[in-house]
Amino acid sequence: SARAHEPQTVSILGLGAMGSALAAPLLDRGHVVTVWNRSPGRGEELVERGARRAGTVADAVHRSGLIVTCLLRYASVRETLDPVAERLRGRTLLDLTTTTPAEARALGAWAEEHGIEYLNGAILATPPMIGAPGAQLFVSGSAEVLARTRTVLEAWAEIVYDGADPGAASLIDLAMLAAMYQMFAGLFHGAAMAATAGMRATDFAARAVPFVTAMVPHFAGDAEIVDGGDYSVPGQQSLHFSDLSDIIRASDEAGANSSTIRAVQALIAEQVDLGFGDDGMARIYESLRRPHA
Ligand code: FVH
């Protein structure tokens with residue numbers, strides 16, 4: 001709507017690296033920005049650029065229709081917002097703090113109890129990426145509230161809406177981070193193995209990055225197998241032939257820590273033991289989609 005393109009009043013609570021990065025593009029777009037930080041001394045440059053400084057959380061809430069929290073973790077969000085719950089009534093809260101999905105839902109229930117419109121967001125970007133191409137913001141909660149705030153949020157990143165469940169954005173964000181961290185752990189393990197033959201990590205990276213880059217797109221095909229629910233697709237390397245014991249022995253012989261690759265081997269072994277050794281690698285999804293035995 002035309003109204004959505006009008007300057008909006010936005011208060012940012014938390015001027016850490018990310019909160020400060022979020023304020024700048026809003027000022028550039030002419031929004032009326034109020035900033036608050038628990039400790040003094042942060043955000044001077046934002047005030048110089050036109051942000052208004054609130055002395056208290058209550059003052060920050062009072063000044064804007066949209067309140068953005070970008071704090072350390074869930075406990076700090078509740079510590080900051082609980083005392084001003086009634087002042088938030090009728091306003092919109094967007095929490096960009098990294099929280100678990102259950103915490104995001106708990107904040108949603110708290111917001112509903114106090115008549116606060118609520119969105120949860122997960123930022124997939126570093127502070128310097130905010131406002132630049134490549135930054136993504138996963139958002140979940142009310143689609144209608146998102147429609148009203150979208151032009152503000154678009155100043156930061158490309159918006160990806162993950163549905164009405166307030167925990168969804170956080171869940172998908174953390175799932176993607178889980179994938180990324182495990183991939184990096186694998187690369188570091190490989191570097192540690194190669195180092196025992198005198199290879200520098202940078203030389204290992206020069207060899208491993210193109211290989212892993214070429215392999216990663218195959219995940220999309222495995223994902224189709226997972227969604228189809230039939231793991232016996234012909235043409236795949238079967239789990240019988242995906243025995244990782246050579247890699248484990250090589251790592252052990254080299255004196256490197258083989259715990260990451262042993263974890264993968266255990267997933268394969270579990271499915272082989274269950275009688276699914278003829279299926280392909282995608283089958284380990286069945287071991288991962290339920291709690292660890
Ligand atoms: N920085 C990044 O790259 C990542 C990208 C992905 C998403 N995260 C999440 O964003 C949240 C904030 O991260 P940050 O980088 O701004 O963090 P810091 O620079 O450490 O600033 C933390 C701010 O939180 C304030 N704070 C901490 N505890 C409390 C509390 N109990 N009550 C009120 N405020 C609190 C802190 O204030 P102060 O220490 O200066 O007084 C900072 O303003 C985070 O969830 C990331 O996971 C960023």
Side-chain angles (χ1 to χ4, degrees), residues 10-27 33-47 49 51-64 66-85 87-88 93-108 110-111 118-141 152-160 162 166-181 183-184:
V10 185
S11 287
I12 298 186
L13 309 185
L15 296 178
M18 187 54 84
S20 300
L22 295 172
L26 299 186
L27 290 166
V33 179
T34 297
V35 293
W36 172 87
N37 195 65
R38 177 184 59 173
S39 315
R42 295 224 207 211
E44 275 316 312
E45 66 297 343
L46 295 169
V47 172
R49 287 178 64 177
R52 303 160 180 205
R53 187 183 292 285
T56 61
V57 178
D59 187 19
V61 170
H62 174 71
R63 292 199 204 184
S64 298
L66 174 62
I67 315 301
V68 180
T69 39
C70 190
L71 304 172
L72 195 56
R73 43 184 149 259
Y74 183 65
S76 51
V77 177
R78 291 301 301 269
E79 203 177 295
T80 303
L81 297 183
D82 276 355
V84 294
R87 284 177 188 265
L88 278 162
L93 169 67
L94 167 64
D95 184 31
L96 297 177
T97 307
T98 302
T99 62
T100 68
E103 289 166 344
R105 290 177 193 124
L107 190 62
W110 175 87
Y118 166 71
L119 291 172
N120 191 270
I123 302 169
L124 275 89
T126 57
M129 288 168 68
I130 295 300
Q136 285 194 318
L137 174 61
F138 296 173
V139 180
S140 53
V152 175
L153 278 52
E154 278 173 347
W156 300 325
E158 178 200 343
I159 309 302
V160 181
D162 283 318
S170 154
L171 180 67
I172 296 162
D173 173 44
L174 296 176
M176 290 186 43
L177 291 176
M180 183 197 73
Y181 277 110
M183 185 187 73
F184 273 105

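We count ligands from 1, going down the list as the structure has it; atoms in each ligand are counted the same way.
- A donor-acceptor contact shorter than 3.5 Å links the side chain of N37 to the backbone of L15.
- In this structure, the side chain of W156 engages the main chain of L22 through a donor-acceptor pair within 3.5 Å.
- Counting heavy atoms from C-beta on, the side chains of L72 and T98 never come closer than 4.5 Å.
- Put simply, OG on S11 and CG on L66 are 8.0 Å apart, with the number rounded to the nearest 0.5 Å.
- For ligand 1, the protein residues within 4.0 angstrom (heavy atoms only) are G14, L15, G16, A17, M18, G19, N37, R38, S39, R42, C70, L71, L72, S76, E79, T80, T97, T98, I123, A125, T126, P127.
- The closest side-chain donor-acceptor pair between D95 and T69 falls under 3.5 angstrom.
- From N120, atom CG reaches atom CG of L107 across 7.0 Å, with rounding to the nearest 0.5 Å.
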